[in-house]
Amino acid sequence: MSTMQRVRNIGIMAHIDAGKTTVTERLLFVTGKSHKMGEVHDGQATMDWMEQEQERGITITSAVTSFEWNKHEFHLIDTPGHVDFTIEVERSLRVLDGAVAVFCGVAGVEPQSETVWFQANKYHVPRLAFINKLDRIGADFDRVVAMMEERFPNFAIVPIQLPIGTEGGFRGVVDLVTMQALVWESDDPKASSVGAIPPELHDEAEARRETLIERVCDFDDELAERYLAGEPIAAEELIAALRKATLDQRAVPVLCGSALRNKGIPPLLDAVCSYLPSPLDVPPVVGHDPKDGHEIVRPPDPKAPFCALAYKIAIMEDGRRMTFVRVYSGTLESGSELLNASRDVKEKVSRIFMMHANQRKRLDSIGAGQIVGLLGPRKTYTGDTLCSPSQPLVLEPIRAYEPVISQAVEPVSMRDKDKLDEVLLKIAEEDPTFETHEDSETGQRLIRGMGELHLEIIVERVRRDFGVEVRAGKPQVVFTETITGEARSTGVFDRSSDEGEKLFGSVTVAVRPNGRDSGFSFDNRCARPELSEVLLREIHEGASEATKSGPIEGFEMQDLHVDFLDFEWRDGSSKPLGYKIAAGIAVRQACEQAAPRLLEPIMRVEIVTPEEFMGDVIGSLNARRGRVEEIREVSGKKVVKGKAPLQRMFGYSTELRSMSQGRATYTMHYAGHDLV
């Protein structure tokens with residue numbers, strides 16, 4: 001087996017509180033990477049190294065670490081579960097080869113579980129499932145498997161373990177592939193005894209192994225023929241067939257355990273080695289030539305030209321800027337010069353580090369398939385491609401999310417104004433979902449993000465990590481504008497300078513609505529032969545810039561289409577700049593006449609409540625202009641799904657706790673913009 005076949009780039013993903021970070025901590029302990037099991041509830045988790053993560057007991061930023069197990073090299077990213085930090089999951093999945101989806105044994109498939117699952121689908125990431133917390137009261141392995149089958153119908157959900165004991169009596173698992181029992185009698189996660197299956201579980205284990213074989217045979221015709229002929233199926237054959245189905249994203253092997261009680265971790269590591277892909281098992285990365293756009297395929301070969309994707313920028317505790325990259329091909333040595341093909345700038349790599357949360361180990365060189373941190377690059381941002389200067393290519397960037405909430409911030413001392421601006425720009429470099437700008441009318445510094453918690457943590461970081469005392473205003477919703485009708489207008493720009501130089505442009509456009517959440521689009525409908533590429537580019541740019549401020553309240557416009565219809569030319573005074581300005585005038589005038597409307601962010605809301613509070617919950621959602629779309633029962637509780645405008649959801653958690661005696665919970669994430 002080659003070195004790269006033993007590499008596993010994996011992520012841990014789940015809903016908040018499913019136990020992702022605890023699973024990661026146990027993986028580090030079992031593999032000898034850490035010598036003490038850090039606990040999230042004690043604020044001692046290795047991977048939650050930020051002060052705020054330790055205080056709040058949640059993961060805020062994705063952290064990468066590396067370790068070894070069974071002669072395999074693991075690069076692991078622990079991602080947040082809170083919806084405000086979904087970009088951390090998105091950019092991690094973009095560079096990973098496989099993932100472990102962790103589900104709570106009591107709550108099962110929760111809203112953010114579904115979100116991260118579909119994010120993994122988008123990036124074609126094969127995955128395992130680990131049903132955690134089986135020691136808790138109310139935990140039910142079979143019910144969670146049934147929920148997965150219902151919510152993820154495009155995958156065969158294949159349990160490869162059977163729990164031994166339930167709730168407080170949970171003590172081990174039956175491995176349905178090898179038909180052995182693994183029992184943990186102590187709190188040492190490494191100390192399991194392997195033996196015969198308990199007699200009371202023997203018949204059930206046999207039946208479940210038959211089901212396992214039948215499901216795997218659906219993906220392997222040769223195995224199916226042998227099974228139907230009554231031939232025995234060896235464990236190695238089962239593993240090989242299930243591995244192929246997992247890599248093809250047709251099946252998901254399911255394991256179980258209790259990370260907090262140190263049960264089920266070594267088998268999970270073994271399953272990652274057996275079923276999840278190495279860099280050689282995933283398709284070669286595809287990019288485009290930055291000059292002519294033709295497709296370039298790069299194999300995961302250390303001898304191929306170097307190519308890597310920057311998936312995260314972080315300002316480290318010592319103030320230095322670390323660029324986290326996934327290397328797809330080639331080899332990089334410390335001190336090398338690279339090309340940032342996304343921005344066409346040269347970057348020098350001064351140092352290379354293997355990361356372990358916020359600790360680092362210096363390396364002289366790295367090769368294809370690895371995830372590392374680089375010091376040196378100054379103009380590289382999330383989603384940029386770093387490559388060999390002689391063999392450039394641009395990889396698909398990482399999708400960012402539009403901020404939905406804003407807040408005014410100001411320094412307590414005005415002498416800190418410049419420092420505050422500098423700090424906020426640094427944070428914006430790290431976080432593609434965070435924006436900052438100065439309001440041109442009020443002069444206030446505004447920050448924008450994905451939710452109240454997101455902005456709260458950023459303000460706290462400004463105070464603690466950067467030492468700038470600030471005051472923050474109340475969070476406000478970020479509106480946008482659109483048009484609901486069609487209109488046509490001609491914009492004319494005709495000026496003379498003091499020196500007598502004339503500048504002229506005249507552009508005619510038509511505007512019409514685009515589909516919701518489809519953004520801005522532009523078409524050239526002008527067939528006149530004197531239209532040059534330079535002129536068309538300036539007109540397109542002028543039209544695009546005009547949408548940055550809408551006619552109602554100056555919010556950015558979206559979901560509109562502009563057709564460029566015609567222009568007027570004057571010899572001697574017609575210049576590209578004149579047409580850029582004229583195009584902006586034409587688009588603004590047309591939008592004023594095209595029935596402009598405000599758009600507001602709409603959130604998907606999921607409320608889990610005991611049945612006796614159902615009436616109050618639905619009433620409160622209706623009072624906030626919400627709309628109930630589905631009600632179902634899960635584990636004896638009612639789950640209410642619906643949509644509501646973000647503007648009306650401030651303070652909802654307090655109201656929900658009050659009306660349900662603290663027994664109802666809710667989650668909320670961005671669904672899109674719609675008319676106010």
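We number each residue from 1, following the sequence as shown. Computed over heavy atoms, backbone and side chain alike; hydrogens, waters and symmetry mates excluded.
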Below 4.5 Å, heavy atoms only, C-beta onward: do [X] and [Y] meet side chain to side chain?
X: Thr480; Y: Leu598; value: no
X: Cys591; Y: Pro596; value: no
X: Thr24; Y: Leu76; value: yes
X: Thr166; Y: Leu134; value: no

Any salt bridge linking Arg627 with Glu629? Criterion: basic side-chain nitrogen under 4.0 Å from a carboxylate oxygen.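 Looking at Arg627 and Glu629, the cut-off is met.
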
Looking only at side-chain N and O atoms, does Arg445 offer a donor or acceptor that is under 3.5 Å from a partner on Thr436?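 The criterion, which ignores hydrogens and geometry beyond distance, is satisfied for Arg445 and Thr436.
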
Side chains of Asn132 and Ser258: any donor to acceptor distance under 3.5 Å?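 Side chains of Ser258 and Asn132: no pair found under 3.5 Å.
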
Under the side-chain contact (heavy atoms from CB on, under 4.5 Å) test, residues paired with Ala129 that sit two or more places apart: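 Partners of Ala129 under the side-chain contact (heavy atoms from CB on, under 4.5 Å) test: Phe103, Met148, Val252, Val254.
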
In chain order, what residues pass the side-chain contact (heavy atoms from CB on, under 4.5 Å) check against Thr382, with sequence neighbours excluded?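 Arg91, Ile313, Ile398, Pro432.
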
Does atom CG of Leu425 have more than 12 heavy-atom neighbours, drawn from other residues, nucleotides or ligands, at distances under 6.0 Å?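 Yes, because the 6.0 Å sphere around CG of Leu425 holds more than 12 heavy atoms from other groups.
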
Within a radius of less than 6.0 Å around CZ of Arg488, do more than 12 heavy atoms belonging to other residues, nucleotides or ligands occur?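 Atom CZ in Arg488 is not packed in, count stays at 12 or less.
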
Relative to each other, are the rings of Trp117 and Phe152 parallel, tilted or perpendicular (30° and 60° limits)?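 It falls in the parallel class, under 30°.
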
How would you list all residue pairs meeting salt bridge (Lys or Arg N to Asp or Glu O under 4.0 Å) that involve residues 407-416, not counting sequence neighbours?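 Applying salt bridge (Lys or Arg N to Asp or Glu O under 4.0 Å) to every pair that reaches into residues 407-416, excluding sequence neighbours, yields Glu410-Arg471.
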
If you compare all heavy atoms of Gly383 against all heavy atoms of Leu309, which two are closest, and at what distance to 0.1 Å?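 Closest approach of Gly383 to Leu309, heavy atoms only: O-CD1, 3.6 Å.
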
